Colleague: 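If you scroll down you'll find the structure; I have some questions about it.
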Amino acid sequence: MSAISEPGALPPVPVPATERRRMSLDWLGVMPFIIFAVLFLIWPTIYLVAGAFQDNEGNLTLANIANLFQPSIMDAYWISIKISLASALLGALIGFCIAAAITLGGLPGWIRSPLMTFSGVASNFAGVPLAFAFLATLGRTGLVTSFLFNVFGFNLYAHGFNLLSFWGLTITYLYFQIPLMILIITPALDGLKREWKEAALILGATGPQYWRMVAFPILWPALLGTILLLFANSFGAIATAYALTGSSLSIVPIVLFAQIRGDVLQDPHLGYALAFGMIVITGVSNAVYIWMRARSEKWLK
């Protein structure tokens with residue numbers, strides 16, 4: 001017997017026509033985003049993945065995936081992983097300290113708003129403008145390099161520093177890694193309840209013990225997830241690295257660019273396989289970030 005015919009059961013309430021029209025308009029409003037995501041994210045990803053398993057005649061093959069294990073390509077992946085990991089860890093450490101200072105520290109309240117605004121802009125500042133800014137600042141004739149030499153007699157490059165190197169690219173990446181860390185971790189720090197610290201202090205815990213036994217266990221999923229997000233963010237960056245170092249530093253995005261658009265090393269399907277490897281690495285990083293973020297939000301609600 002249906003629920004409607006049971007005694008005391010209420011008939012379903014019909015949805016008004018105006019409500020149905022409003023829901024249709026809501027979907028119409030989000031259609032530009034869906035179209036953009038399909039054309040510039042989903043379809044190119046499918047095209048790259050399909051190309052990674054095809055040869056020049058369009059036949060299915062695993063040769064492109066097998067070629068990823070060449071020593072030169074494995075070295076490129078390893079360099080990219082090291083740069084991404086170094087910039088992610090340093091960016092997370094510095095960004096966390098700054099975010100903790102503006103949320104839990106004793107800094108004036110007016111500092112937070114301009115800092116968050118700057119972080120929102122700087123986290124998206126990359127590519128050729130960022131490379132030029134660092135060349136003009138820390139290049140061989142850059143502003144800071146010249147200042148250190150003319151005022152203090154300190155030759156930065158004579159002591160081993162090189163902007164077109166592993167640490168030079170890592171420092172450049174920190175320009176957008178630190179602000180991104182601030183933007184993501186600040187809401188998590190805001191979620192730490194004052195009562196938790198007060199209860200810990202009443203029970204005899206010191207400040208370091210509170211952070212070690214209460215705060216960090218709660219923040220750990222958000223911290224680890226954010227580090228993974230920073231890793232994926234720098235692992236896929238190409239414009240800044242290519243504009244800054246050219247081909248002097250063989251990271252995966254530059255090797256991929258050479259395989260797809262290069263005049264000597266052109267092998268588009270090997271480039272698709274390189275892109276497929278990057279998709280796998282960044283996809284796993286982002287998936288773990290989403291999972292860790294969901295776990296941390298359960299405590300911070």
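The shown structure was predicted, so the numbers you read here are calculated from the model rather than taken from an experiment.
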Colleague: Nearest heavy-atom pair of A237 and P253: which atoms, and what distance?
Modeller: O-CG, 3.5 Å
Colleague: Please indicate whether Y157 has more than 12 foreign heavy atoms, meaning atoms of other residues, nucleotides or ligands, lying under 6.0 Å from its OH.
Modeller: yes
Colleague: With side chains defined as the heavy atoms from C-beta onward, is the minimum distance between Y173 and L230 less than 4.5 Å?
Modeller: no
Colleague: Are any side-chain N or O atoms of S123 and backbone N or O atoms of G120, one a donor and one an acceptor, separated by less than 3.5 Å?
Modeller: yes
Colleague: Any donor-acceptor pair under 3.5 Å linking the side chain of S146 with the backbone of L143?
Modeller: no
Colleague: Given the rule that I, L, V, M, F, W and Y join up when any side-chain heavy atoms are under 4.5 Å apart, are I171 and F132 in one cluster?
Modeller: no
Colleague: Please answer whether the main-chain N or O of T206 pairs with a side-chain N or O of Q209 as donor and acceptor at a distance below 3.5 Å.
Modeller: yes
Colleague: Given the rule that I, L, V, M, F, W and Y join up when any side-chain heavy atoms are under 4.5 Å apart, are F235 and W78 in one cluster?
Modeller: yes
Colleague: Take atom CZ in F154; do more than 12 heavy atoms of anything else shown fall under 6.0 Å from it?
Modeller: yes
Colleague: Run L130 and T172 through side-chain contact (heavy atoms from CB on, under 4.5 Å) and show every step you take.
Modeller: CA-CA 8 Å; L130 180 60; T172 305; 4.0 Å; yes
Colleague: Is there a side-chain contact between F176 and L180 (heavy atoms, below 4.5 Å)?
Modeller: no
Colleague: Rounded to the nearest 0.5 Å, how far does CG of L228 lie from CD1 of I281?
Modeller: 12.5 Å
Colleague: Other residues, nucleotides and ligands only: do more than 12 of their heavy atoms fall within 6.0 Å of CZ on F96?
Modeller: yes
Colleague: Once you round to the nearest 0.5 Å, how far does CG of L62 lie from CG of L68?
Modeller: 11.0 Å
Colleague: Could you state the interatomic distance from CG (N150) to OG1 (T145), rounded to the nearest 0.5 Å?
Modeller: 10.5 Å
Colleague: Using the rule that Ile, Leu, Val, Met, Phe, Trp and Tyr join whenever any side-chain heavy atoms are under 4.5 Å apart, tell me whether V38 and F40 fall into a single cluster.
Modeller: yes
Colleague: Tell me the closest heavy-atom pair linking A215 and L192, and the distance in Å.
Modeller: CB-CD1, 4.3 Å
Colleague: Do other residues, nucleotides or ligands put more than 12 heavy atoms under 6.0 Å from Y47 OH?
Modeller: no
Colleague: State, yes or no, whether a side-chain contact exists between I251 and Y77 at a heavy-atom distance under 4.5 Å.
Modeller: no
Colleague: Determine the interplanar angle of the W211 and F216 rings, folded into 0 to 90°, and report it as parallel if under 30°, tilted if 30 to 60°, perpendicular if over 60°.
Modeller: tilted
Colleague: For S87 and T170, work out which heavy atoms get closest and say how close.
Modeller: N-CG2, 3.8 Å
Colleague: Examine distances only and state if a side-chain atom of N155 and a backbone atom of A158 form a donor-acceptor pair shorter than 3.5 Å.
Modeller: yes
Colleague: Would you compute the distance between atom CD1 of I98 and atom OG of S119 and round it to the nearest 0.5 angstrom?
Modeller: 7.5 Å
Colleague: A side-chain contact here means heavy atoms from C-beta on lying under 4.5 Å apart; do H269 and D55 qualify?
Modeller: no
Colleague: Could you tell me which residues satisfy side-chain hydrogen bond (donor to acceptor under 3.5 Å, both in side chains) with D190, sequence neighbours excluded, listed by chain and number?
Modeller: R112
Colleague: Can you see which heavy atom on G91 is nearest to which on I178, and at what distance?
Modeller: CA-CG1, 3.8 Å
Colleague: Mind listing the closest non-hydrogen atom pair of L163 and F134 along with its distance?
Modeller: CD2-O, 3.4 Å
Colleague: Given V214 and I218, is the side-chain contact (heavy atoms from CB on, under 4.5 Å) satisfied, shown in steps?
Modeller: CA-CA 6 Å; V214 179; I218 295 174; 4.2 Å; yes
Colleague: Report yes or no: do V151 and L148 belong to one cluster of Ile/Leu/Val/Met/Phe/Trp/Tyr joined by side chain heavy-atom distances under 4.5 Å?
Modeller: yes
Colleague: I'd like to check I83 versus I79 (side-chain heavy atoms, cut-off strictly below 4.5 Å). Are they in contact?
Modeller: yes
Colleague: Would you please indicate if the ring centroids of F53 and Y272 are separated by under 6.0 Å?
Modeller: no
Colleague: Nearest 0.5 Å please: distance from the CG atom of L274 over to the CG atom of N67.
Modeller: 9.5 Å
Colleague: May I ask you to test the M181-L223 pair for a side-chain heavy-atom distance under 4.5 Å?
Modeller: yes
Colleague: Given L183 and M116, is the side-chain contact (heavy atoms from CB on, under 4.5 Å) satisfied, shown in steps?
Modeller: CA-CA 7 Å; L183 289 175; M116 297 300 291; 3.8 Å; yes
Colleague: Are the side chain of T103 and the backbone of T186 linked by a donor-acceptor contact shorter than 3.5 Å?
Modeller: no
Colleague: State plainly whether one hydrophobic cluster holds both L189 and L93, where clusters connect Ile, Leu, Val, Met, Phe, Trp and Tyr through side-chain heavy atoms under 4.5 angstrom apart.
Modeller: no
Colleague: Measuring from I102:CD1 to C97:SG, what's the distance to the nearest 0.5 Å?
Modeller: 12.0 Å
Colleague: Restricting to non-hydrogen atoms, name the atom on Q54 and the atom on N64 that form the minimum distance, rounded to 0.1 Å.
Modeller: O-ND2, 2.7 Å
Colleague: Name every donor-acceptor pair, under 3.5 Å, that has one atom in a side chain of residues 30-37 and the other anywhere in the protein, sequence neighbours excluded.
Modeller:
none

Colleague: side-chain contact (heavy atoms from CB on, under 4.5 Å) for I73 and L270? Distances and angles first, verdict last.
Modeller: CA-CA 10 Å; I73 294 179; L270 179 57; 4.0 Å; yes
Colleague: Just by distance, do the side chain of S113 and the backbone of W110 share a donor-acceptor pair under 3.5 Å?
Modeller: no
Colleague: More than 12 heavy atoms of other residues, nucleotides or ligands under 6.0 Å from CZ of F166: is that the case?
Modeller: yes
Colleague: If we only count heavy atoms from C-beta on, is the L156 to R140 side-chain gap below 4.5 Å?
Modeller: no
Colleague: Given side chains that start at C-beta, do those of S285 and L229 come closer than 4.5 Å, heavy atoms only?
Modeller: no
